[in-house]
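By convention in this document, chain letters (A, B, ...) are assigned in the order of the sequence lines, proteins followed by strands, and residues within each chain are numbered from 1. All values derive from a computational prediction rather than experimental measurement. Scope of the values below: all heavy atoms of this structure, side chains included, with no hydrogens, waters or symmetry mates.
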Protein chains: 2
Amino acid sequence: MLTKQELEEFWAEAGKIYLNHISIDCVVFGFHEGQMKVLMLKSNNEEAWYLPGGFVLKQEPIENAADRILKERTGIDEIFLQQFYVFGDPDRSKIHNEMYKDMLPEDQNFFAKRFISIGYYALVDFFNVTPTPDNFSEICTWRDLNDLPRFQLDHELIFKTALDTLRLQLNYQPIGYNLMPKEFTMPELQKLYETILDKKLDRRNFQRRMLGFGILNKLETTRKGGAHKAPYLYSFDLENYQAALKEGLKSGW
Amino acid sequence: MLTKQELEEFWAEAGKIYLNHISIDCVVFGFHEGQMKVLMLKSNNEEAWYLPGGFVLKQEPIENAADRILKERTGIDEIFLQQFYVFGDPDRSKIHNEMYKDMLPEDQNFFAKRFISIGYYALVDFFNVTPTPDNFSEICTWRDLNDLPRFQLDHELIFKTALDTLRLQLNYQPIGYNLMPKEFTMPELQKLYETILDKKLDRRNFQRRMLGFGILNKLETTRKGGAHKAPYLYSFDLENYQAALKEGLKSGW
DNA sequence: TTACAATTGTGTACCAATTACACCATGCAT
DNA sequence: ATGCATGGTGTAATTGGTACACAATTGTAA
């Protein structure tokens, strides 16, 4: 976290390098071995937690901004990232606006302004991530979905909207490529889906459906060493997976 | 359309009353008796057409901004309006930025800046609409989807994204309340769906499915006067319709 | 007045997808 | 060898979607 003086400098400079009024908030869902967490940050000075976010450089595509922010907070890039909603209520950042409003004269005061925030959600394997605090926080860590803290501003709404969207999109979009090891078993993949949906699924039906999508390769080998019958290994068929990302998995009308 | 001087004044003032860098573009789909059109504008000075759009007042919720813009262009409000995507490429408004860049000094020049545009789509009955040009156009009119003009900037992408989204959402969201008369026949409603999807649907299956949603009331009366068998009239069951808007029409997993 | 054309109302058989459910195989623990 | 937990696979029942046919109504043309 920046010192008070550094912060003031940052805010004074921010208006020159970032687009005013526009922020990006990311809901980073982290998975590993049946667990599902969300990446959150906190300052020692405050009680409530917030989602990783940031601003858009003057000449930067918004998609890149989201990528950059996530790279800074997680250390990884090329992750599954999806724009899902824009939060544009004028009062959504009121509390922060008030907090910072006396820090600098209004015209130089980047953060005393209203922000419209573009929401992205991302899916990562939290084993690969090094959570890194930003300029306004000392703590950046994974929070379990069953043990969520109090959220700052409208970040609870952003989080919930992201989760709803993710669960909905599970029906149309393939997921898992970034979340599973290169080779994995069907029960492991099922566990991922169950974790996201917070719901038990039928083994046999899950397998049939997954295989029906045509995005998996069944490997010859099995995973030995477990305490029970050795399950077959699968890998993603990258070509079909990419195609399914574009085309979607199902149809309507 | 404003005169050149009025335009300069407008741009000089715009930065004071609107949020910088943020615009709203609306894809207004107009329906009437089996036709589907999209509302577009054009200046006499330019060849290409553009979508109704505008800016967000400093203290205005973005949803309200979209409503306000549509009210100005169409004369109606309380219409079906749906945020669908954000277009944030830094070059998307390049051509306009260049055009206006010498008009005023850069810091006062609202329109020489990059714009991130929030896309909304709306569904209206074009019979109820009075198309009204904005400050930058002389022409505001309905264009048939089969006879689209050349688009300005990235407005063709915005239009196509909206159409794809609409067609997709037809599977989950009830539509028609703003588009049909109070009482309507099943074939009329079917025509609306066929128009949007650009696809023939089966009469019997359409009827069964629609009734299955439980958002229609079958009335006792029939529509006399047609040249053929008198069809039954239906009206929307507002309560169930609103519920379906929130809940969606189908489930997944 | 009658026959016809166009349109609406309705039911049913078929196919595909989803759900529910049961049995056998494997491999470690004892 | 036996038990137990887990994985692999098949099948019947249900649901949802698609395809399709026939009877009824209404205006128009003969």
What integer distance in Å separates [X]:[atom1] from [N]:[atom2]?
{"X": "B/R209", "N": "D/dA19", "atom1": "CZ", "atom2": "C1'", "value": "16 Å"}
{"X": "B/K200", "N": "C/dT7", "atom1": "NZ", "atom2": "C1'", "value": "13 Å"}
{"X": "B/H228", "N": "D/dT28", "atom1": "NE2", "atom2": "P", "value": "9 Å"}
{"X": "A/F184", "N": "D/dG7", "atom1": "CZ", "atom2": "C1'", "value": "16 Å"}
{"X": "A/L249", "N": "C/dA17", "atom1": "CG", "atom2": "C1'", "value": "15 Å"}
{"X": "A/R204", "N": "D/dA12", "atom1": "CZ", "atom2": "C1'", "value": "13 Å"}
{"X": "A/L219", "N": "D/dG7", "atom1": "CG", "atom2": "C1'", "value": "16 Å"}
{"X": "A/R203", "N": "D/dA5", "atom1": "CZ", "atom2": "P", "value": "14 Å"}

Under 3.5 Å: donor-acceptor pair, side chain of [X], backbone of [Y]:
{"X": "B/E247", "Y": "B/A244", "value": "no"}
{"X": "B/H155", "Y": "B/L51", "value": "yes"}
{"X": "B/R167", "Y": "B/I196", "value": "yes"}
{"X": "A/Y121", "Y": "A/Q83", "value": "no"}

Exercise. May I ask you to verify if any side-chain N or O of B/K218 is less than 4.0 angstrom from the OP1 or OP2 atom of C/dG9?
Key: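 It does not, given that no N or O in the side chain of B/K218 lies less than 4.0 Å from OP1 or OP2 of C/dG9.
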
Quiz item: Taking the side chain of B/N205 as its heavy atoms from C-beta onward, which of D/dG17, C/dA6, D/dA19 lies nearest to it?
Solution: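 The nucleotide sitting nearest to the side chain is D/dA19.
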
Exercise. Side chain of B/R208 only, please: which of D/dT26, D/dG7, D/dA19 is the nearest?
Key: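 From the listed options, D/dA19 comes nearest.
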
Practice problem: For B/E188 and for A/D202, locate the closest nucleotide of DNA chain C by heavy-atom distance; then report the residue assigned to the nucleotide nearer the 5' terminus. | Solution: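 Per heavy-atom nearest nucleotide, the more 5' residue is B/E188.
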
Practice problem: Assign B/A227 to base, sugar-phosphate, or nothing according to its heavy-atom contacts below 4.0 angstrom with the strands shown. | Solution: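 Here B/A227 touches the bases of the nucleic acid.
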
